[in-house]
Amino acid sequence: MEFIKQPWRCVCLVLILMLGTWSSEATSRNLQDASMYERYEQWMVRYGREYNDVNEKQKRFEIFKKNVAYIESSNSDVNKSYKLSVNQFADQTNEEVKASRNGFKGREYSTKTTSFKYENVTVVPAAMDWRSKGAVTPMKDQGQCGSCWAFAAVAAVEGITQLTTGKLISLSEQEVVDCDTNGGDLGCGGGWPDGAFEFINQNNGLSSEASYNYTGVDGRCSTQATHAANITGYEDVPASNEEALLKAVANQPVSVCIDAGENDFLYYTSGVFAGSCGLEMDHCVTAIGYGVSDDGTKYWLLKNSWGTDWGEEGHMRMQRDVYAKEGLCGVATHASYPIA
Ligand SMILES: *[C@@H]1O[C@H](CO)[C@@H](O)[C@H](O)[C@H]1NC(C)=O
Ligand SMILES: *[C@@H]1O[C@H](CO)[C@@H](O)[C@H](O)[C@H]1NC(C)=O
Ligand SMILES: *[C@@H]1O[C@H](CO)[C@@H](O)[C@H](O)[C@H]1NC(C)=O
Ligand SMILES: *[C@@H]1O[C@H](CO)[C@@H](O)[C@H](O)[C@H]1NC(C)=O
């Protein structure tokens, strides 16, 4: 605590000395800065942030200030259907977060077309939340590793395993990160959910999280643990077709990839996300349901892998059935699911 209070006291002292000489405008700017600095240090404590030197701390403060200004300005727009918050990314630039976190490689994993077992589904429930069916494990955090593709695939495998066996078992993303080299899958360097499904199939199953836990760094592939779940393959949802995606998500959790690079996505905290989004696909998550909000907006329910501080306890409700056939943020372009 002592360490944290020290710089704040310095700032106060400087302010008092200067009060007499500075214009009131400058004073109010400094008071604002001082209170922003205090907020920054509280944020550092909350997210366990430490910086190596004062220059780094100052540089991070400048970025933090910009991000806070962006978040507050976005939140003051009453017409926005969603809110942002000053979360774990607040001391990084947009480019830095993208470089350290996201891990989807954009292009297709394979040009081969798969069958789509849900093509003839005609009736789907009005809403679905696979959590309420016991098919979703607690929220996970990929950390500073571009392993989103493994988390997106593994959550879908956890889902189909529960739906076919009745057992909800948290499964190992680390085994996928360490062992899967399909089609250029590169652990923390990024990969494809389809590559992960293929790996799990070739591997004759996947270990439990408990027996092969997550470290968030590329490790040596271990074949020690016994497998806790199995799949026989995967299928792709026909691309750029939210109706097809709906048929699939009505039947099981589905891996989807998106453009998650915009600030509104990074700082999202609640509501139905309808924000600015492109089609630079760089992240994958799991669609674990869908529904309609109180004001009638249709949404996808997405499980992210950025921990519970992000979004609605780690989830996002993302606007569904938008004008663009790719879906918002490209959500309908790279969807796929495992077959039990
Ligand atoms: C919110 O929407 C209303 C109605 O469309 C519009 O008149 C108003 O200017 C908008 N406010 C902002 C802050 O964009
Ligand atoms: C869907 O229906 C068509 C026409 O009856 C049939 O040929 C096709 O095999 C069905 N697809 C699946 C996945 O059952
Ligand atoms: C997974 O399937 C393969 C091939 O059918 C089988 O050899 C293996 O024992 C299965 N593993 C589990 C955990 O059921
Ligand atoms: C993973 O498991 C090993 C062995 O049980 C344990 O020593 C280590 O602390 C665990 N790591 C994490 C990140 O939970």
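Small disclaimer: the values here were computed from a predicted structure and weren't measured. Order of appearance sets the numbers: ligands from 1, and atoms from 1 within every ligand.
Here Y40 pairs with nothing under the side chain to side chain donor-acceptor pair (under 3.5 Å) rule; sequence neighbours left out. Taking D141 as the reference, R101 meet the side chain to side chain donor-acceptor pair (under 3.5 Å) condition, with sequence neighbours excluded.
The aromatic rings of F61 and Y37 sit perpendicular to each other, their planes meeting at more than 60°, with 30° as the lower class boundary.
Residue pairs meeting the salt bridge (charged side-chain N to carboxylate O under 4.0 Å, His left out) criterion with at least one partner in residues 327-337, sequence neighbours excluded, are absent.
With ring centers used as reference points, F265 lies under 6.0 Å from W310.
Within 4.0 Å of ligand 2, counting heavy atoms only, the contacting residues are F116, K117, E119, N120.
At least one side-chain heavy atom of E312 sits under 4.5 Å from a side-chain heavy atom of R317.
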